[in-house]
Structure formats: C-alpha cells, structure tokens
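What follows is a single structure, written as structure tokens, with notes after it.
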2 protein chains.
Amino acid sequence: MNRPGLRERKKIETLHRLQEEALRLFDEQGYDETTIEQIAAAAGVSPSTFYRYFPVKEDVVVQDEFDPLIVNVFESQQEGTAPLEALRAVLAALFAEFTEEDIERVRRRVRMIFAVPALRARQVGQSDATERLLAEMVAERSGRSPDELEVRHFTALVVASWTVAISAWAETEGSKDDLAANLDKCLAHLEAGAPL
Amino acid sequence: MNRPGLRERKKIETLHRLQEEALRLFDEQGYDETTIEQIAAAAGVSPSTFYRYFPVKEDVVVQDEFDPLIVNVFESQQEGTAPLEALRAVLAALFAEFTEEDIERVRRRVRMIFAVPALRARQVGQSDATERLLAEMVAERSGRSPDELEVRHFTALVVASWTVAISAWAETEGSKDDLAANLDKCLAHLEAGAPL
DNA sequence: CATAATTCTGATAGCTACTGTCAAATGACA
DNA sequence: TGTCATTTGACAGTAGCTATCAGAATTATG
C-alpha cells in the first residue's frame, strides 16, 4: 500500500506555501522587486529549498501539472470524434472539475503571467511542450506524423485559441462558464476560418 | 543632408560585429556556455558596450527591426483587401527583398531561436508586440476595437501560422520561395478552418 | 525499540547576467 | 584647434542560479 506518509505531506505543504507567499509578495511589491530570499523567508525555508522545488524563479507561478491530465482525458475519449471537437471537450472537462477557489487561483496566476513579461516568456516553454504533446496525440489518432506541417499548424492554432480565450477571460471577473464560453467562441471562430 | 557620418557608421559596424561573433561562438560552444565577456572580447569591445547595444543577452540573436517595416507595407496597401489577404501580401513583400545572404542569416537565427529555449522565450515578447501591432492595424481598417475578442483571436492565429511556417522552413534547406510556399499553405489551411 | 539506510534541508562558495556611476576617449562642428 | 556631445571602458554591486557537503528528519529493517 502506498499511503501518503509524513514526508510527502510536508513536501506538498511547503510547495503550496512557497507558491502562496510568492504570489502575495509579487502582488504587494512587484515581481522583479521580490527576491527569492524573501520568498523563502516568508515560507520559512532556506533559499536552497526554494530551488529544489522550482528550478527557476518564474516556475513558482507558471508551473502546473495539467499536461498529464490532458493526456488522460484525451485517451479516455471515443475514437470517432474530430480532433478539434475532441480537444474542446478535453479542455472543457479539465476545468469543469475546478472549485470556485481553484478558479480564482488560476485567474490570479494568469493575470500575473500576462502582466509580467518574464513569466509569459517562461510559460511559452510549457505551451510549446503541450503543443508537441497534442500533436503526438492527434497524429496518432489520425494516422499521421506529428511532424507534418498540417498537424503542427493545427495544434499551434488550437493553442493560440486557448491562449487568447484564457487571457481575455482573466482580465474580466467572469465565472468558470465565461471561460468555457470564450473558448467555444474562439474555436468556432477558428473552425469558420477566422473571418473578419 | 543627413549623411551617415563616421560615428554612426562605427556604431552599425560594432552592432553587426557583436551579432556575428555571438552567432559564431554560440554555434561553436553552445549558448549557455558562451559568456558575454567572450562575445565582447571577440568583437573587440568591453562588456559594458555589449549591454549598450543589447539590453539582454538573448537580444543579440532575437532582436530585429521588422515591425516598423510591416506597418509601412501595410499602410501603403489599398483599403479594399481582406485582412488575411493583406497580411499575407505584407509578409510576402517583406522578405521578397531579402538577398540570398540575408535569407541564410535568417535561417541560422531562426534555427538557433527554436533550439535554445531562452531565445524562444525572449522572442515571444517580440511576437506579442507584433501581435498587438497587427491588431491595431487590422482594427483600424475594419472599424473595430483592437481589444475585441475576435480581433485578438484573428491576429493570434495569423502569428501562429507565421511561426509554424518559418520554423518548419528553417529546419529544411529550402529557398526563399519555399518559405513563401509554407506560409501560403498555412494561411490557406487556416482560412479553411484548420481541417484534419 | 534501536540502528541503519534514505531522503530532505541549510549553509557556503562561486559563476554569470545585469545595473549604475563616473572619468576618459572619440567624433562633430565652429 | 578648441569646445561640446556622445560613446566607451572600468569598477563596484545585486540577484539568479549551480554545486557541494555535512547534519537533521523520516522511513525501513532486524
């Protein structure tokens, strides 16, 4: 049996404490003006420990664990669905489970990411990784190669839609449903060939 | 008459020397393994001078001056054209003027940008700026606001198409025309609603 | 329960990117 | 040639990040 254990619980606790204190300090004094020493002190650990949890400063805001979840949801879908529809459903299902509190956390983080260039820059690394992941999943299903131009292009477009939808949503006070609505609007607009 | 003058000529010269030596050193020893001191020494200037030309290390590869050119070409177009068609024409016209040598330089830079995460991250800052620029231009013409979801989404999609087209092209040994062909393929695919 | 093995933490030293300041050098111009 | 404006180099300092290592805390074992 793999019970949680004291060690693991403590780790998760420090992780969250670091993220929360960091977010608070960034809000209060700005990102660049906040040093890792301050964050570590606020969370009651040493700077060394901070770096063990987050390889770079940006990750204390940007890091998330959605990629494996996306894969799970996608794979548990029936084969027939069209790629675009499938991805829409995946994303919808993903944040359907979030509590109101989760959503507020996401909003704070997204706002900060798009407000601080360094964070946005770091986040693109994650987006690129997710994009490659989607490409592989989509390619596998449609019996194509993930390196094909059309496949890469498709996934890049979907990620772009998602990025616009969530950044526009974060600027508002909208609910979870508003985010879903934004995403639907964008994907529909994409499916229509992005007319203007 | 605004003749170049020795001072200005020297400045452009040092700028190019810094870029070239940097590119060479990055190729030879890798990006992270190359220090600014080395680049400066290779170009025969002090590290202080490097920072005067490039605020951050990444910019010695990433920095370009295409944005103002894009605006110029776009504004000198007739009003009637549809936004997507207009942007396609702008980009085509932009690199139509490049010499073979220019193109090779671009290819080297693009390859390096997509190979080194730090460079890719920095480049996104530029892309975001270009995206906002496009949004303003497109919005102005179509009498909309650049903050509208559809407008933002449209420009994000176009930038994504462009990114895929150029990164796929850079991986090959293709000519200037191949880049144009890639871009046409992507934009056509977008216009068709990104079917898979 | 005591001891051994494993994992986590904190302290230290060091490298490099980057900033700010100031005096010296260099080109522009009368 | 002499004066003014701009560019440059030297120096000092901050902060992000890496590597290393001894000691503390947790877990596994006899």
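Lettering of chains follows the sequences in order, A, B, ..., and the numbering in each one begins at 1.
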Between C1' of D/dA15 and CD of A/Glu58, the distance in whole Å: 13 Å
Side chain A/Trp169, main chain A/Gly174, donor-acceptor under 3.5 Å: yes
Passing candidate, salt bridge (charged side-chain N to carboxylate O under 4.0 Å, His left out) with B/Arg111, options B/Glu171, B/Glu173, B/Glu104: B/Glu173
Nucleotide of C/dG10, D/dA10, C/dC18 approaching B/Ser48 most closely (side-chain heavy atoms): D/dA10
Whether A/Trp162 and A/Phe95 hold their rings parallel, tilted or perpendicular, with breakpoints at 30° and 60°: parallel
B/Lys176 atom NZ: more than 12 heavy-atom contacts under 6.0 Å: yes
Nearest-angstrom distance from the residue atom NZ of B/Lys11 to C1' of D/dT8: 12 Å
Residues within residues 109-123 of chain B bordering DNA chain D, heavy-atom distance below 4.0 Å: none
N or O in side chain of A/Lys57 less than 4.0 angstrom from D/dC17 OP1/OP2: no
B/Glu28 CD: over 12 foreign heavy atoms closer than 6.0 Å: yes
Ring-face cation of A/Arg108 near A/Phe26 (centre distance under 6.0 Å, axis angle within 45°): no
More than 12 heavy atoms of other groups within 6.0 Å of B/Glu85 CD: yes
d(CD1, B/Ile12; C1', D/dT7) in whole Å: 15 Å
Of residues 21-47 of chain B, the positions that come close to DNA chain C - non-hydrogen atoms, cut-off under 4.0 Å: B/Thr34, B/Thr35, B/Ile36
Interatomic distance where CZ belongs to A/Arg9 and C1' belongs to D/dA25 [whole Å]: 14 Å
Short side-chain N/O contact to C/dT9 OP1/OP2 from A/Tyr53, under 4.0 Å: yes
Side-chain (B/Asp178) to main-chain (B/Ser175) donor-acceptor, under 3.5 angstrom: yes
More than 12 heavy atoms from other groups under 6.0 Å of CD on B/Glu101: no
B/Asn72 (side chain) donor-acceptor with B/Leu69 (main chain) under 3.5 angstrom: no
B/S/- contact track for nucleotides 22-30 of chain C, protein heavy atom under 4.0 Å: ----BBS--
Residue B/Thr49, side-chain atoms from C-beta onward, closest of C/dC18, C/dG10, D/dG9: D/dG9
Separation of atom CG in A/Asp59 from atom P in D/dT18, rounded to whole Å: 11 Å
N/O donor-acceptor pair under 3.5 Å between A/Arg107 side chain and A/Thr172 backbone: yes
Distance below 4.0 Å between B/Tyr51 side-chain N/O and C/dG20 OP1 or OP2: no
